[in-house]
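In this text, all values refer to a predicted model and were calculated from it rather than measured experimentally.
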Amino acid sequence: MEEQSPRRTRVVLGEIAAQRRPTDRSHADLAEQTPVGEALVKGLVRAQLALALRLALVVVTGLGALPLLFVGAPAVGTVKLLGVNLPWLLLGVAAFPFLVGVGWAYVRWAERNEQDFIALIRKPEQ
């Protein structure tokens with residue numbers, strides 16, 4: 001019996017590479033960390049930082065104004081609701097829903113910033 005050698009198969013990968021979509025220049029700028037990509041990322045970071053600082057100012061103003069109110073108008077501090085002093089209700093109970101609301105707003109607006117960034121990246125060059 002004669003032993004037959006297995007048939008050789010030639011694999012060509014050049015055709016697969018040619019079928020790829022052309023890469024978007026913005027994606028390449030980000031991946032290669034070019035100055036353009038760096039500027040795009042810095043813009044996103046700057047937008048997120050500005051959002052965080054604005055909402056931090058809202059929290060400091062909202063919660064910081066309450067003690068000032070109680071010092072400036074002592075009669076407000078003596079008001080009782082449901083048998084509990086108003087300062088305790090505002091600082092101990094109402095502060096938490098306020099902080100949750102600010103946190104929810106931050107997440108929503110931060111995601112919007114990221115979606116705007118992605119839209120900028122995906123926008124076809126004109």
Side-chain angles (χ1 to χ4, degrees):
M1 288 179 126
E2 274 186 38
E3 202 173 300
Q4 292 182 350
S5 62
R7 288 188 68 165
R8 297 177 87 189
T9 304
R10 183 174 179 188
V11 178
V12 179
L13 299 176
E15 295 171 9
I16 294 172
Q19 293 175 357
R20 289 185 189 159
R21 291 186 317 184
T23 58
D24 189 13
R25 187 66 204 148
S26 299
H27 288 288
D29 286 335
L30 287 174
E32 296 171 5
Q33 297 179 350
T34 63
V36 173
E38 188 176 325
L40 290 171
V41 171
K42 279 186 180 180
L44 174 63
V45 170
R46 196 174 308 122
Q48 298 292 51
L49 178 63
L51 174 62
L53 292 176
R54 284 193 309 263
L55 288 178
L57 184 63
V58 167
V59 169
V60 167
T61 302
L63 294 181
L66 290 175
L68 296 175
L69 171 70
F70 300 136
V71 168
V76 175
T78 60
V79 174
K80 289 191 176 195
L81 290 174
L82 304 170
V84 180
N85 287 339
L86 184 62
W88 281 102
L89 285 176
L90 290 177
L91 292 172
V93 177
F96 294 105
F98 173 70
L99 291 173
V100 167
V102 170
W104 174 82
Y106 175 77
V107 169
R108 182 173 175 187
W109 291 334
E111 287 176 351
R112 187 183 67 198
N113 283 343
E114 292 171 3
Q115 289 171 355
D116 291 345
F117 176 75
I118 291 170
L120 179 68
I121 297 301
R122 290 186 179 162
K123 184 175 86 171
E125 294 182 10
Q126 296 175 355

Leu91 CG to Phe96 CZ distance, which is reported to the nearest 0.5 Å: 10.0 Å
CG on Leu90 to CG on Leu69, rounded to 0.5 Å: 8.0 Å
Shortest non-hydrogen contact from Val41 toward Phe117: N-CE1, 4.2 Å
Spatial distance of atom CD1 (Ile118) from atom CD (Glu111) [nearest 0.5 Å]: 10.0 Å
Test side-chain contact (heavy atoms from CB on, under 4.5 Å) applied to Ala110 - qualifying residues, sequence neighbours left out: Gln48, Leu51, Tyr106
Co-members of Val71 in a cluster of I, L, V, M, F, W and Y side chains, linked at under 4.5 Å: none
Pairs meeting criterion salt bridge (charged side-chain N to carboxylate O under 4.0 Å, His left out) with involvement of residues 39-51, two or more places apart: Glu38-Lys42
Output side-chain donor-acceptor pairs under 3.5 Å for residues 53-63, partner residues at least two apart or in another chain, one line each.
from: Thr61; atom 1: OG1; to: Leu57; atom 2: O; distance (Å): 2.7

Within one Ile-Leu-Val-Met-Phe-Trp-Tyr cluster: Trp109 and Val100, side-chain cutoff 4.5 Å: no
